[in-house]
Amino acid sequence: MTRSTNDRDRIRELEREVARLRGQLAMHDDSCRTWVDEFREVEARLRLAQAIVDNSPVVLFRRNAEDPPQLEYVSDNIGNYGYEAADFLAGKVSFKDIVHPEDLERFQQKVIRHTEDGDDVYTDEYRILTRSGEERWIADRTVVVRDEEGNRLYHQGILNDITRRKQVEDELRRAEERQRRIIETAAEGFLFMDLDLRILDANRSLLNMLGYTADEVLGRSTYDFAAPGFKRYLYANRDRLIAMEHRTFEGILVARDGREVPVLIHGNILRDENGDPEGHVAFVSDLTGQKKALQLAEEVQQSLLPSSAPEANGLDIAGRSLSSAEVGGDYYDFVQSAEGLNVAVGDISGHGVDAALLMTSARAFLRMRVLTPGTPVRIVREMNRQLSEDLDGTGRFMTFFLIRFEDESRTARWVRAGHDPALVYCPHCERFTELGGSGLPLGVDPDTEFEESDTVIEPGQIIAIGTDGIWEARSPSGELFGKERYRRLLRLHATMSATHIVDAVLEAVDEFTSGIRPDDDVTLVVVKSGERA
């Protein structure tokens, strides 16, 4: 029996429907498998996140916004503090139970204030107590979750243990306070300045030293407290001083009552953690007591130098000596003897009190020896033997120049013992010559032989006997004053008096060095020949 056409069509239609249903079922299976895979992936991520949370110091929490609020979740790592999450969720332990009693009221008031202000995020730091009673610091960051109408649903956030950070901060604070107490109670003055040398901080010793209050000092420039000469030095050497990582120099500050306070300054650049300069630090020592003692020594030493130039027939004479310290080792003298006027210039190696004492010894011997008959070379020879005994083992020596102007003639006789030759300038021929000669410095070898020379001094000639502190003086940039500059000054002022010439040279040295205290003593004697009466 054969099927009808309608039956065949019906069968084909059913076959198509079955195929369509099978396709949909296959798609549904694929969708289910995809959803299951995604669910498993999310579940794995959640487990990983939970593991990270449970093994971190950060505690997660959520509480509802009901009154009273109820804790709905707290991460298991609350166990880091000895508590069980279940005890919090069951209400056996509340969060206020673990807040440190001294911080509890402040903590509660802050929560109330944030709630009243409608804050959605607020933070706080406070202490909690672990179950064993240990104190821990917590950083609390809470976020408010609201519904679509803006009503509060939850307060949720994190609690982070910041105990170690607080300990470090406390240690730093105590170290800073200790450092501050050290600076404040130090006998030495302290200044902290910005890069423009404006004062940002000054300790009690500095304020007491100058008689000012902090309000009168802070914000002002350090130049405001410098004496005029010191201020000139600071302005002239500003760039050089600021560029030095460490610097030590002396100066004079002016106190509130007008007193001048001599000080020793140790300064340095203060750098930040990246090595960039952020200011300047200076420790200031009051040298008033030391300077008084040295001033007395200076007065004694100055009293040993000629108080005035001698009156010599046909000679205009002047001399000055400037010490690099309060007392020095340079020396000059004018001693009249039966044979004529003796002019001496000496330079003890080094400077300071010990050099000054040796200079005093040399002066005493010279004055004693010149008053008894003897040629210049004999005097120098005997001085050398005496000083060789005095200087033995000290490593010091004395360069010396002795010239005698004979009364009955225009003859000058001189001996040079290791000293720079004297300069003779003749204005008529505009030419320099030197008074040289052989001989070691005094005190090196007791048996040294010295050479005596002589010359005729013509009217108008200038004889200049200086120490190396003149031509070895340095400018702030390190340039030497030099002998050529020294000669130009002698030539330029040749028509003036001996006193004027001496002053002109020493003033030029001071100007060249911009007020920097010289490294060596500076001494100059000028003898200008005139017509005899």
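Scope of the values below: all heavy atoms of this structure, side chains included, with no hydrogens, waters or symmetry mates. On a predicted model such as this, the values are computed, not experimentally measured, just so you know.
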- [ ] Check whether the ring centres of F88 and F61 lie less than 6.0 Å apart, and answer yes or no.
- [x] no

Task: Set of side chain to side chain contact (heavy atoms under 4.5 Å, CB included) partners for F283, sequence neighbours left out - done: E188, F190, V281

TODO: Provide the full list of side chain to side chain donor-acceptor pair (under 3.5 Å) pairs with a residue in residues 82-94, sequence neighbours left out, each pair given once.
DONE: S94-D97

Task: Set of residues satisfying salt bridge (charged side-chain N to carboxylate O under 4.0 Å, His left out) with respect to R174, sequence neighbours excluded - done: D170

Task: By salt bridge (charged side-chain N to carboxylate O under 4.0 Å, His left out) - contacts of D239 (at least two apart) - done: none

- [ ] Name all residues meeting the salt bridge (charged side-chain N to carboxylate O under 4.0 Å, His left out) criterion together with R165; count only those two or more places apart in sequence or in a different chain, and write none if there are none.
- [x] E125, E169

- [ ] Only counting residues at least two apart or in another chain, list the ones meeting side chain to side chain contact (heavy atoms under 4.5 Å, CB included) with T123.
- [x] R141

Open item on the list: If the condition is side chain to side chain contact (heavy atoms under 4.5 Å, CB included), which residues does E102 pass it with, not counting sequence neighbours?
Closed with: H100, R127

- [ ] Could you pull out all residues at least two apart from Q70 that satisfy side-chain hydrogen bond (donor to acceptor under 3.5 Å, both in side chains)?
- [x] none

Open item on the list: Checking D272 now: which residues fulfil salt bridge (charged side-chain N to carboxylate O under 4.0 Å, His left out) with it, not counting sequence neighbours?
Closed with: none

Task: Test: E135 and K166 ion pair at under 4.0 Å - done: no

Task: Plane angle bin for F512 and F481 - parallel if under 30°, tilted between 30 and 60°, otherwise perpendicular - done: perpendicular

Task: Donor-acceptor pair, side chain of D196 and main chain of R198, under 3.5 angstrom - done: no

- [ ] Could you grab the distance from atom OG of S221 to atom CE of M193, nearest 0.5 Å is fine?
- [x] 9.5 Å

- [ ] Mark yes or no for whether R220, through its side chain, and E216, through its backbone, hold a donor-acceptor pair below 3.5 Å.
- [x] yes

Open item on the list: How long is the straight-line distance from OG1 of T513 back to CD of E479, given to the nearest 0.5 Å?
Closed with: 12.0 Å

Task: Pairs meeting criterion salt bridge (charged side-chain N to carboxylate O under 4.0 Å, His left out) with involvement of residues 260-270, two or more places apart - done: none

TODO: Quick one: sort the Y235 and Y223 rings into parallel, tilted or perpendicular, breaks at 30° and 60°.
DONE: parallel

Open item on the list: Side chains of S75 and N77 only: does a donor on one sit below 3.5 Å from an acceptor on the other?
Closed with: yes

TODO: Applying side-chain hydrogen bond (donor to acceptor under 3.5 Å, both in side chains), name anything that partners D224, two or more places apart in sequence or on another chain.
DONE: none

Open item on the list: Tell me if a side-chain donor or acceptor on S321 pairs with a main-chain N or O of T523 at a distance below 3.5 Å.
Closed with: no

Task: For H155, side chain to side chain contact (heavy atoms under 4.5 Å, CB included) partners two or more places apart - done: R63, Y122, T142, V144, R152

